[in-house]
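To find a chain, count down the sequence lines: A is the first, B the second, and so on, and within it residues start at 1.
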Protein chains: 2
Amino acid sequence: MYVILVYDMGEKRVTKMLKLCRKYLHWIQNSVFEGEITEVRLQELFLEAKVFMVPEEDSVIVFRSRHERWLEKQIVGVERMPTENFL
Amino acid sequence: MYVILVYDMGEKRVTKMLKLCRKYLHWIQNSVFEGEITEVRLQELFLEAKVFMVPEEDSVIVFRSRHERWLEKQIVGVERMPTENFL
């Protein structure tokens, strides 16, 4: 399946979350990732995230789509490149 | 159609973009909005955004889906409430 993942974490946990998401998905902007992933791998990501997440403060939203083609992506302005994101 | 909109703007333009997106969509997290919108209204949003956007610096990504039901949303951690976002 294809997912879009957005997170809003406390400052101290942002870098950890960024690194974790990169293991599983493609970074596209700020705190936004996308990509093909299996349900099992997504659950692994959640499990790893829950180790350091503060559930009362942090928020992760995942949009699942059966197929990438059901979503059309449009970029206005600059397209962020993974190399920009050097954290 | 149903869209997810994420933006990454220069600090000086964040508040403007937040206010603009609120006119058209529902805020769900940080710089993430979602909602039902027509193509015409979305183009209006873009036109208004382009007035203050700096295209070499700012980035807006829109995911369009024909139907909301083609996307399944899951929230892990806290669900942000619109009232939290008092800007």
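- Smallest separation of non-hydrogen atoms from B:Met9 and B:Val14: O-CG2, 3.6 Å.
- Scanning residues 37-51 of chain A against chain B with a 4.5 Å heavy-atom cutoff picks out A:Phe46, A:Lys50, ordered by number.
- From B:Cys21, atom SG reaches atom NZ of B:Lys16 across 13.5 Å, with rounding to the nearest 0.5 Å.
- For chain B, the nearby part of A:Glu34 is the side chain; its heavy atoms alone come within less than 4.5 Å.
- Comparing B:Gln74, B:Met1, B:Glu57 by how many heavy-atom pairs each has under 4.5 Å with chain A, the most go to B:Gln74.
- Heavy atoms closer than 4.5 Å to chain B are found in both the backbone and the side chain of A:Asp8.
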Self-check item: Check against side chain to side chain contact (heavy atoms under 4.5 Å, CB included), B:Ser31 and A:Asn30
Solution: CA-CA 9 Å; B:Ser31 51; A:Asn30 213 357; 4.2 Å; yes

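- Its side chain within the 4.5 Å cluster rule, A:Phe63 clusters with A:Tyr2, A:Ile4, A:Val6, A:Ile28, A:Val32, A:Ile61, A:Leu71, A:Ile75, B:Tyr2, B:Ile4, B:Val6, B:Ile28, B:Val32, B:Ile61, B:Phe63, B:Leu71, B:Ile75 among the Ile, Leu, Val, Met, Phe, Trp and Tyr residues.
- Between the side chain of A:Ser59 and the backbone N or O of B:Gly77, no donor-acceptor pair lies under 3.5 Å.
- Counting heavy-atom pairs closer than 4.5 Å to chain B, the top-ranked of the candidates A:Val3, A:Val54, A:Val76, A:Leu5 is A:Val76.
- Between chain B and the options A:Lys73, A:Glu72, A:Gln29, heavy-atom pairs under 4.5 Å are most frequent for A:Gln29.
- With a 4.5 Å cut-off on side-chain heavy atoms, A:Tyr24 and A:Phe33 do not count as touching.
- Here CG of A:Asp58 is found 11.5 Å from NZ of A:Lys12. Values are rounded to the nearest 0.5 Å.
- Taking CZ of A:Arg13 as the reference point, atom CZ of A:Phe52 lies at 9.0 Å (rounded to 0.5 Å).
- Interface remark: A:Glu56 contributes backbone atoms only to the contact with chain B (heavy atom separation under 4.5 Å).
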